[in-house]
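Read the structure below first, then the notes.
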Protein chains: 2
Amino acid sequence: MTDVMDQTVNPNAAQLPADVLNQDCPSRTVLRHLTDRWAPMILTVLAPGQPVRFTELRRTVQGVSPKVLTETLRSMERDGLVTRRVTPSVPPRVDYLLTDLGASTVEPLAALRRWAEANVGEVQRNRRRYDREQAEGLIASPCGQAPP
Amino acid sequence: MTDVMDQTVNPNAAQLPADVLNQDCPSRTVLRHLTDRWAPMILTVLAPGQPVRFTELRRTVQGVSPKVLTETLRSMERDGLVTRRVTPSVPPRVDYLLTDLGASTVEPLAALRRWAEANVGEVQRNRRRYDREQAEGLIASPCGQAPP
DNA sequence: GTAATCGATTACCTCAAAGTAACCAAGGGG
DNA sequence: CCCCTTGGTTACTTTGAGGTAATCGATTAC
């Protein structure tokens with residue numbers, strides 16, 4: 001659960017301005033958690049501000065296993081992005097909701113998600129073109145003969 | 001190099017609007033590449049628009065190995081985010097520069113990077129508080145006696 | 001002659017993240 | 001009596017992303 005990179009490796013880096021390009025800057029761990037496999041999707045679901053139950057999250061974020069969903073939510077709770085609210089009942093009810101800090105990630109992450117959704121077509125075309133050109137270059141020269 | 005998720009698993013999902021929450025939507029692969037470990041940092045360095053040499057990239061993005069830098073750049077070239085420009089000389093010179101598509105990722109990714117750099121302090125405080133509260137709950141009850 | 005440069009590639013290894021499957025308690029419904 | 005529910009946990013396995021170190025070829029600088 002705890003992360004090796006949570007601590008600053010180089011003690012001299014402690015009070016310098018944060019810079020993800022700097023190997024020792026702890027902002028790298030923050031960026032990595034934000035870009036964890038499931039975190040952007042979870043934050044997308046929580047973005048409207050309504051509390052969401054564990055099982056509903058599990059259904060909405062398609063393909064996530066309960067183990068990984070729990071782990072990711074714990075990590076986000078530890079970072080202060082979400083609040084876990086337990087209602088003791090049978091069956092138990094647990095809601096997750098954004099903190100103010102978590103809510104401030106919604107805009108940047110939504111922009112990234114929108115970019116991916118808007119440009120998936122162009123990216124796929126680029127990939128096909130690249131793979132085709134790679135194959136051409138490897139198999140034969142323009143005249144149908146093997147390259148020198 | 002090629003990616004299993006590059007193809008749509010469910011053929012019926014082909015022409016639906018892109019949605020990262022959908023397990024079969026190829027936009028998920030796009031989002032994942034954008035959030036690859038080194039991609040946001042590489043795009044940060046290329047953001048100004050000037051071509052950047054391989055070795056300069058290697059120096060600026062601290063901690064990246066040549067192998068992984070090559071892999072990441074290839075993947076970004078395949079997706080159409082960067083252009084690789086070779087100048088045959090001795091020693092060889094290779095520049096990388098953003099395509100228009102790549103340039104359009106700069107804003108969203110820079111916003112994410114800025115968030116990480118701006119909030120690293122608060123996140124670290126949250127982590128310390130969470131870990132402290134966890135330790136308290138596990139070790140002793142408020143009266144110094146073991147919990148029932 | 002030999003060291004350094006650049007932009008890789010290769011083989012190999014490691015480790016953390018993710019996946020799988022089983023199980024839990026405490027009740028309610030059939 | 002058995003199974004369903006919720007929100008997990010545990011143990012185990014898999015994967016793949018990433019890291020390490022060595023090497024390359026062609027040339028210039030020392």
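In the text below, chain A, chain B and the rest are named by the order of the sequence lines, each starting its count at 1.
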Can you check whether [X] has a side-chain N or O nearer than 4.0 Å to OP1 or OP2 of [N]?
X       : N      : answer
A:Thr55 : D:dG7  : yes
B:Arg58 : C:dT5  : no
B:Arg37 : D:dG19 : yes

Open item on the list: Side chains of B:Thr105 and A:Trp115 only: does a donor on one sit below 3.5 Å from an acceptor on the other?
Closed with: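 Looking only at side-chain atoms, A:Trp115 and B:Thr105 do not form any donor-acceptor pair under 3.5 Å.
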Round to the nearest Å and state the distance from [X] atom [atom1] to [N] atom [atom2].
X       : N      : atom1 : atom2 : answer
B:Arg74 : D:dA17 : CZ    : C1'   : 18 Å
A:Asp36 : D:dA17 : CG    : P     : 15 Å
A:Arg93 : C:dA26 : CZ    : C1'   : 18 Å
B:Tyr96 : C:dC6  : OH    : C1'   : 11 Å
A:Phe54 : D:dT5  : CZ    : P     : 15 Å
A:Glu56 : D:dG8  : CD    : C1'   : 17 Å
A:Gln62 : C:dG19 : CD    : C1'   : 17 Å
A:Leu73 : D:dG7  : CG    : P     : 11 Å

Open item on the list: Under 4.0 Å, counting only non-hydrogen atoms across every strand here, what does A:Arg53 touch: a base, just sugar-phosphate, or nothing?
Closed with: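 Touches sugar-phosphate only.
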Open item on the list: Could you report the tightest heavy-atom contact between A:Val61 and A:Met41, atom names first, then the distance?
Closed with: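 Looking at all heavy atoms of both residues, the closest pair is CG1-CB, 4.0 Å.
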Task: Distance-only donor-acceptor test, B:Lys67 side-chain atoms vs D:dG18 base atoms, 3.5 Å - done: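 Answer is yes: a donor-acceptor pair is held.
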Determine yes or no for a side-chain-to-main-chain donor-acceptor pair under 3.5 angstrom, with [X] supplying the side chain and [Y] the backbone.
X       : Y       : answer
A:Thr99 : A:Leu81 : yes
A:Thr72 : A:Trp38 : no
A:Arg28 : A:Val20 : yes

Given [options], the nucleotide with the shortest approach to the side chain of [X]:
X       : options               : value
A:Ser65 : C:dG7, C:dG19, D:dG7  : C:dG19
A:Trp38 : C:dT9, C:dG19, D:dG19 : C:dG19
B:Val90 : C:dA26, C:dA8, D:dT27 : D:dT27
A:Pro91 : C:dA8, D:dT5, D:dG18  : D:dT5

